[in-house]
Amino acid sequence: MENTAPAKKIMLSGIQPSGDLHLGNYLGAIKNWVERTEEFDNYYFMADMHTITVRQTPADLRRRTLQQLAQYIACGLDPQKNTLFIQSHVHEHAELGWILQCYTMYGELSRMTQFKDKSQKHSENINAGLFTYPSLMAADILLYQADYVPVGEDQKQHCELTRDIAIRFNNIYGNVFKVPEPYIQKVGARIMSLGNPSSKMSKSDPNGCVFLLEKPDDIMRKFKKAVTDSDTENCVRFAPSEKPGVANLMGIYSSITGKSYEEIENEFAGKGYGAFKPAVGEAVVETLRPIQEETARILADKAYLENVYKEGAEKASYLARKTLRKVYKKVGFVER
Ligand code: TRP
């Protein structure tokens, strides 16, 4: 640790191990994380505690948590330079989560659109955890005095609430929490479904979704079937509102190769979609090949993986502990 350099800003994010990672996660999030390694002091965790707000098969949850961690590393996230951990390994999350529930209003939680959506989707299991989930998410963020939380559209409301909770708590007890800012990505690729380019690529639409661990043949098939446009122009041209499917494929290709849209248009001038779609597929296959090999290698090395998440949890709990101790004192708990 060099203590002469000015402290870096803290960036934190969690991803739920609720499904297999896909190209949208990689190009839209993980790739940016890798690029931010040096700029920030980064904390990334597998949000397994959030995941059980919806019923899970235990063996699958365990497998996906480890697999997700292995994939982050395989995607280039260096565990020596980023703190990677599993949420449930740092018990301060649960502890601060409870406290913050007592500083979150019923009315606020009732207005969360994700709660409304999820309780409709899982009407047989509208449990209290699903309802108070934003308080736990606030704890995740506030424990680390995070400066920035990279947020997508779907998590904006939760981040707003986190700020409100932090401000409310600080107003009562003094400056306990850093009030985090949402971090808007620079050009962050927003990858859409290959089958339906008006909705985001999502694991719940497997035909339009390319998983990071998917076989090359399956990837190629999905790209060959990708929706382009309904006109007969058959021309690779960047026009998102007219040709959203083509624009999406160009976005993927650009994000992987670093080529500009103009360069891509030139490359495929006069060639049509029949050449373009498999070329994007090939580029994706070649990008994922080393990631897949590295994931397999890491997953086979149990001792290495265990070492990564244990060290990560230790580093994380060092910060988490400091914040929690302060909070316990402020609210009036007797010191242990
Ligand atoms: N709620 C986020 C999601 O569903 C995951 C998450 C949990 C998270 N805790 C977080 C994201 C803290 C950012 C910061 O995607």
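Start at 1 and go down the list; that is how both ligands and their atoms are numbered.
- The number of heavy-atom neighbours closer than 6.0 Å to CD1 of I52, taken from other residues, nucleotides and ligands shown, is 12 or below.
- Close placement of the H158 and Y133 rings is indicated, their centers lying within 6.0 Å of each other.
- The protein atom (non-hydrogen) at minimum distance from atom 1 (N) of ligand 1 is Y133 OH, 2.7 Å.
- Closest to atom 9 (N) of ligand 1, if we only count protein heavy atoms, is D140 OD2, 2.6 Å.
- Ring geometry for F40 versus Y183: interplanar angle over 60°, hence perpendicular rather than tilted (30 to 60°).
- Considering backbone and side-chain N/O atoms, Q16 comes within less than 3.5 Å of an N/O atom of ligand 1.
- Under 4.0 Å is where a charged nitrogen must lie from a carboxylate oxygen, and between K203 and D20 no such pair does.
- The distance from ligand 1 to the heavy atoms of V149 drops below 4.0 Å at these ligand atoms: 13 (C), 14 (C).
- Contacts of I141 with ligand 1, taken as heavy-atom pairs under 4.0 Å, involve the side chain alone.
- For F45, every heavy-atom contact with ligand 1 shorter than 4.0 Å involves the side chain, none the backbone.
- The aromatic rings of Y144 and F85 sit tilted, their planes meeting at an angle between 30° and 60°.
- In summary, the atoms of ligand 1 found under 4.0 Å from a heavy atom of L12, numbered by their order in the structure, are 12 (C), 14 (C).
- Of the possible donor and acceptor atoms, none in the side chain of E39 sits under 3.5 Å from a partner among the backbone N and O of R36.
- Looking from atom 6 (C) of ligand 1 to the surrounding protein, the closest heavy atom is G14 O, 3.8 Å.
- Distances between N or O atoms of D154 and those of ligand 1 include no value under 3.5 Å.
- The distance criterion of under 3.5 Å between nitrogen or oxygen atoms is not met by Q114 with respect to ligand 1.
- Neither side chain, Q71 nor Y26, offers a donor N or O lying under 3.5 Å from an acceptor on the other.
- Of the listed residues (M137, Q155, K118), the one carrying the non-hydrogen atom nearest atom 15 (O) of ligand 1 is Q155.
- No side-chain heavy atom of L77 sits less than 4.5 Å from a side-chain heavy atom of N42.
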